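Let me begin by presenting the structure, written as structure tokens, before commenting on it.
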Amino acid sequence: MPTITLPDGSQRPYPAPLSGAELAASIGSGLAKAALAIKIDGKVKDLATIIDHDAKVEIVTRTHPDALDLLRHDAAHVMAEAVQELYPGTQITFGPATETGFYYDFHREEPFTPEDFAKIEKRMAEIVDRNETITREIWTRDQAVDYFKSAGETFKAEWIKEIPADEEISIYRQGKWLDLCTGPHLPSTSKLGKAFKVMKLSGAYWRGDANNPQLQRIYGTAWADEKQLKNYLTQLEEAEKRDHRRLGREMDLFHQQEEAAGAVFWHPKGWTFYRTLENYIRRRLNDAGYVEVKTPQIMDRSLWERSGHWEKFHENMFIVQDDENHVLAVKPMNCPGHVQIFRQGLTSYRDLPLRMAEFGSCHRNEPSGALHGIMRVRAFTQDDAHIFCTEDQIVTETKAFCDLLRSVYRDFGFEDVRVKFSDRPEKRAGSDETWDKAEAALKGATTAAGLEFTLNPGEGAFYGPKLEFVLRDTIGRDWQCGTLQVDFVLPERLDASYVGEDGAKHRPVMLHRAIFGSLERFIGILIEHYAGKFPLWLAPLQVVVCSIVTDASPYAEKVAAALRAAGLKTELDLRNEKIAYKVREHSLAKVPVIIAVGKRDEEGGTVAIRRLGSNDQTVLPLAEAVETLGAEATSPLDRRE
RNA sequence: GCCGGCUUAGCUCAGUGGUAGAGCAACCGCCUUGUAAGCGGUAGGUCGCGAGUUCAAAUCCCGCAGCCGGCACCA
């Protein structure tokens, strides 16, 4: 005798247990038709699920927040069925829903190619039209293993053996096709609809391990209706337009070339931007009580051996050998160098915390497949610093860092910042006691800083646990930039010590921390975040002054000089071209302010200002324009006061 | 590093075995112009690199590199 509570709060008693489909039908025939699944006490289940107890139940239709996951998971199954029909001998493995769609990993000797996509999509549409009923069955373990083995599905068979004994083996059948799956699923393939598209192809390792065989992953996207699909595809195009590699070229910021794979050639405008960023953070660090240092690019192997980097990372380090057979390494990080500075002379507890910063130019020999524009490079610069402090100071230093970081991110328009806490990895240095201490300290400090975090188990650095700061850009993508890592290991290994109040030697704790992470990557993120349309204070070129007629050239020069005197990065365009031509060109180059001057302006002492993204102009007296733009170009550093 | 794709002029791209093409950009003229492309002309390429097949290779085969999309990695 279940009593069912619906989302509107109404309660319905039923004389006997009933399925989700029956429930939907009892509420209305329209709902029965639209129903895809039910959500019982917060869990999405098949429509065929029998409700035999009092429960809160929602009918999941296409517009329900949980519908997309369901549709996408079904799209994965429908695609797998299509692929197995089209390419006999292909083995199925896993196929989950993703944030924007789904994928399915297949094993097949012959590679799929993008030419297969249309064929697969067509067959998927046919399977939708066939309206195959989807049913759930519970099999015994042996039955399932036997079945998949005899069907030649070795991956599935292997997987079943590893499912914990107390879990049900559920099989979903649609038409002649079936898959091992926990579900839930739609009642039939027609409910999927046709708002899906097979998108791309890639390799993926069986169970995510590079030692395992490689599978072929086919990705697709799926939506509740055609409009959503179209909308998503448009969004992809928009994201492509703000690709930093494309904008970097169009805005003449930087280039890369194959003789220096994984490195950046900064052009004048790009380097101006870089320096703006560097100077900004330099001042923020200075204000926060950091000192800046510079340590050697190349240091002897022995130092890297002592620090522990050699053992763990030497394959990813650039190694050099000199004439006298010394083996050296180009620095992949700055911490060992900073410890060397710390070790010079005696340090008192009164000197702590010592916050040592460096714009450290590092090289890491990243795997070729990892490189990506200026976001993932082999030569990069960190806004790195190490805070040498006592254990007691971890909490206040962590809190101060978190505050600084959030304030910096806000200056770049990033309001939404999340924190991940990564604890001890399998391969690590230091004793379990040390790790207990480090993890407890960092957790305590994070909580004290008023931050919420999600746990990222086993993802810590080899020397200590870490916080990772993830920011969200204007188009909703997440980027991990900042980090703070507690390290009890390196001071020990490199023998850093300070003299305590008690006159005895103690080990300092090191906090490794960065806000941007890598300047190169952060610039890439900013380019995409702003789509190249930088706020005035960041723009590497702020104003272009264009003459409308040649006779106005002297006045244009005067205007440009006045802007430059006010500190604005200004260029002159005196070319013999129509003003519309110049406006178009500088707009495409994403110059934030275009000033056009002709005879009228010269006579009136005015300028016509056109802002990027606007089709209007504002005519202002020159002095007023200089003042307005000058104020707007002020760095947030000077606005703060 | 692994899987798949790609690489032709500065950029975007056409060209599937028979003398390398287009648009835009560049350069040179004309035009003196009021807010997103005025007009005309000129120049520009060892078709990523190397080796092979062929009378003949941008095109077919092999190797390598780089890039793109993922996977794995990310101190």
Side-chain angles (χ1 to χ4, degrees), chain A residues 103 105 111-116 199-219 240 243 245-246 249-250 252 255-262 304 307-317 331-336 362 364-373 376-378 380 382 384 425 427-429 459-464 466 480 483 485 487 489-490 512 517-518 521 546-553 575-588 594-601 608-610 612-617 619:
Chain A
Y103 65 79
D105 287 348
F112 292 108
T113 75
E115 274 98 73
D116 297 319
M199 303 283 288
K200 57 194 178 188
L201 202 55
S202 87
Y205 298 106
W206 168 237
R207 304 178 67 179
D209 187 334
N211 299 310
N212 286 341
Q214 193 158 31
L215 307 170
Q216 298 189 64
R217 177 170 296 178
I218 304 180
Y219 284 89
E240 204 180 311
D243 188 307
R245 292 164 297 195
R246 174 187 176 134
R249 185 181 61 238
E250 288 174 0
D252 195 18
H255 86 271
Q256 299 179 280
Q257 64 186 50
E258 67 176 275
E259 291 86 347
W304 302 108
S307 71
H309 291 100
W310 187 271
E311 191 196 354
K312 193 156 195 294
F313 292 111
H314 81 272
E315 284 191 352
N316 298 307
M317 289 162 73
K331 71 172 172 185
M333 53 187 330
N334 309 299
C335 18
C362 298
R364 295 179 186 174
N365 195 1
E366 304 285 2
S368 57
L371 302 179
H372 178 87
R376 186 83 183 268
V377 284
R378 292 190 173 130
F380 58 95
Q382 294 176 311
D384 199 10
K427 266 175 95 177
R428 58 179 182 264
E459 296 294 318
F462 76 90
Y463 47 71
K466 61 184 178 187
Q480 189 199 303
T483 181
Q485 308 171 7
D487 185 357
V489 175
L490 205 58
H512 307 240
S518 121
R521 181 159 178 273
C546 302
S547 56
I548 294 168
V549 290
T550 310
D551 284 351
S553 293
R575 290 175 304 170
N576 175 18
E577 293 289 353
K578 289 218 185 317
I579 192 62
Y581 180 90
K582 295 185 184 181
V583 164
R584 174 180 153 82
E585 197 173 279
H586 301 305
S587 298
L588 288 174
I594 297 172
I595 288 184
V597 292
K599 293 306 281 179
R600 281 207 310 261
D601 300 287
I609 299 177
R610 182 190 169 109
L612 183 58
S614 157
N615 292 322
D616 313 323
Q617 306 115 50
V619 177

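Chain naming here is simple, since letters A, B, ... match the order of the sequence lines and numbering starts at 1 in each. It should be emphasised that the depicted structure is a prediction, and the values quoted were computed from it without experimental measurement.
Note that CG of Leu201(A) and CD1 of Ile218(A) are 6.0 Å apart. Values are rounded to the nearest 0.5 Å. Separation of atoms CE (Met333(A)) and CZ (Arg364(A)) is listed at 5.5 Å; rounding is to 0.5 Å. Expressed to the nearest 0.5 Å, how far CG of Asn211(A) lies from CH2 of Trp206(A) amounts to 15.0 Å.
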Exercise. Can you give one letter per nucleotide of nucleotides 63-75 of chain B, going 5' to 3': B for a protein heavy atom under 4.0 Å from the base, S for sugar-phosphate only, - for none?
Worked result: --SSSSBBBBBBB

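The partner of rC74(B) cannot be assigned: no Watson-Crick or G-U wobble pair with both contacts below 3.5 Å exists in any strand. When both pairing distances are held under 3.5 Å, rA43(B) makes no Watson-Crick or G-U pair with any nucleotide shown. Using the Watson-Crick or G-U wobble rule with both distances under 3.5 Å, rG4(B) pairs with rC68(B). With a cut-off of 3.5 Å on both Watson-Crick or G-U wobble distances, the partner of rG50(B) is given as rC62(B). Both distances falling under 3.5 Å, in either a Watson-Crick or a G-U wobble arrangement, place rG38(B) opposite rC30(B). Under the Watson-Crick or G-U wobble criterion, with both distances below 3.5 Å, rG17(B) is left unpaired in every strand shown. Nucleotide rU12(B) is matched to rA22(B) when pairs are restricted to Watson-Crick or G-U wobble geometry with both distances under 3.5 angstrom.
Heavy atoms of other residues, nucleotides or ligands lying less than 6.0 angstrom from CD of Gln257(A) number more than 12. For CD of Glu250(A), the number of neighbouring non-hydrogen atoms (other residues, nucleotides, ligands) closer than 6.0 Å is greater than 12. For Glu240(A), the CD atom counts as loosely surrounded, since its 6.0 Å shell holds 12 or fewer non-hydrogen atoms of other residues, nucleotides or ligands.
A distance of about 25 Å separates the C1' atoms of rC11(B) and rU16(B), rounded to the whole Å. Comparing rG17(B) with rG1(B), their C1' atoms are spaced 37 Å from each other, to the whole Å. Distance noted for atom P between rG44(B) and rC55(B): 34 Å (whole Å). rC62(B) and rU46(B) have their P atoms separated by 27 Å, given to the nearest Å. Comparing the P positions of rA9(B) and rG50(B) gives an interatomic distance of 16 Å, to the nearest angstrom. rG48(B) and rA43(B): their P atoms are spaced 25 Å apart (whole Å). rG34(B) and rC39(B): their P atoms are spaced 15 Å apart (whole Å). Between rG15(B) and rG21(B), the two P atoms lie 15 Å apart (nearest whole Å).
Checking side-chain atoms of Lys582(A) against main-chain N and O of Ser547(A) turns up a donor-acceptor pair under 3.5 Å. Of the possible polar contacts, one joining the Arg378(A) side chain to the Glu366(A) backbone as a donor-acceptor pair under 3.5 Å is found.
If you measure from atom CZ of Arg575(A) to atom P of rG38(B), you get 12 Å, rounded to the nearest angstrom. Across the protein-nucleic acid pair, Glu577(A) atom CD and rU35(B) atom C1' stand 14 Å apart, rounded to whole Å. Atom-to-atom, CD1 of Ile218(A) to C1' of rC3(B) comes out at 12 Å; the value is rounded to the nearest Å. Nucleotide rU35(B) holds its C1' atom 13 Å from the CZ atom of Arg584(A), rounded to whole Å.
Neither OP1 nor OP2 of rC11(B) sits under 4.0 Å from any side-chain N or O of Arg246(A).
Counting any heavy atom pair closer than 4.0 Å across all strands shown, Leu588(A) reaches a base atom. Using a 4.0 Å heavy-atom distance criterion, Lys599(A) is classed as a base contact. If you check every strand for non-hydrogen atoms under 4.0 Å, Gln216(A) touches nothing.
Classification of the His512(A)-Tyr463(A) ring pair by plane angle, with boundaries at 30° and 60°, yields parallel.
Taking for each of Leu612(A) and Glu585(A) the nucleotide of RNA chain B with the nearest heavy atom, the 5'-most of the two is the partner of Glu585(A).
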Grab the N/O contacts between the protein and nucleotides 5-10 of chain B below 3.5 Å, and write none if there aren't any.
none

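Lys200(A) has its side chain out of reach of Tyr103(A): every pair of non-hydrogen atoms, C-beta onward, lies at least 4.5 Å apart.
A salt bridge links Arg245(A) and Asp243(A); the closest N-O separation between the charged side-chain nitrogens and carboxylate oxygens is under 4.0 Å.
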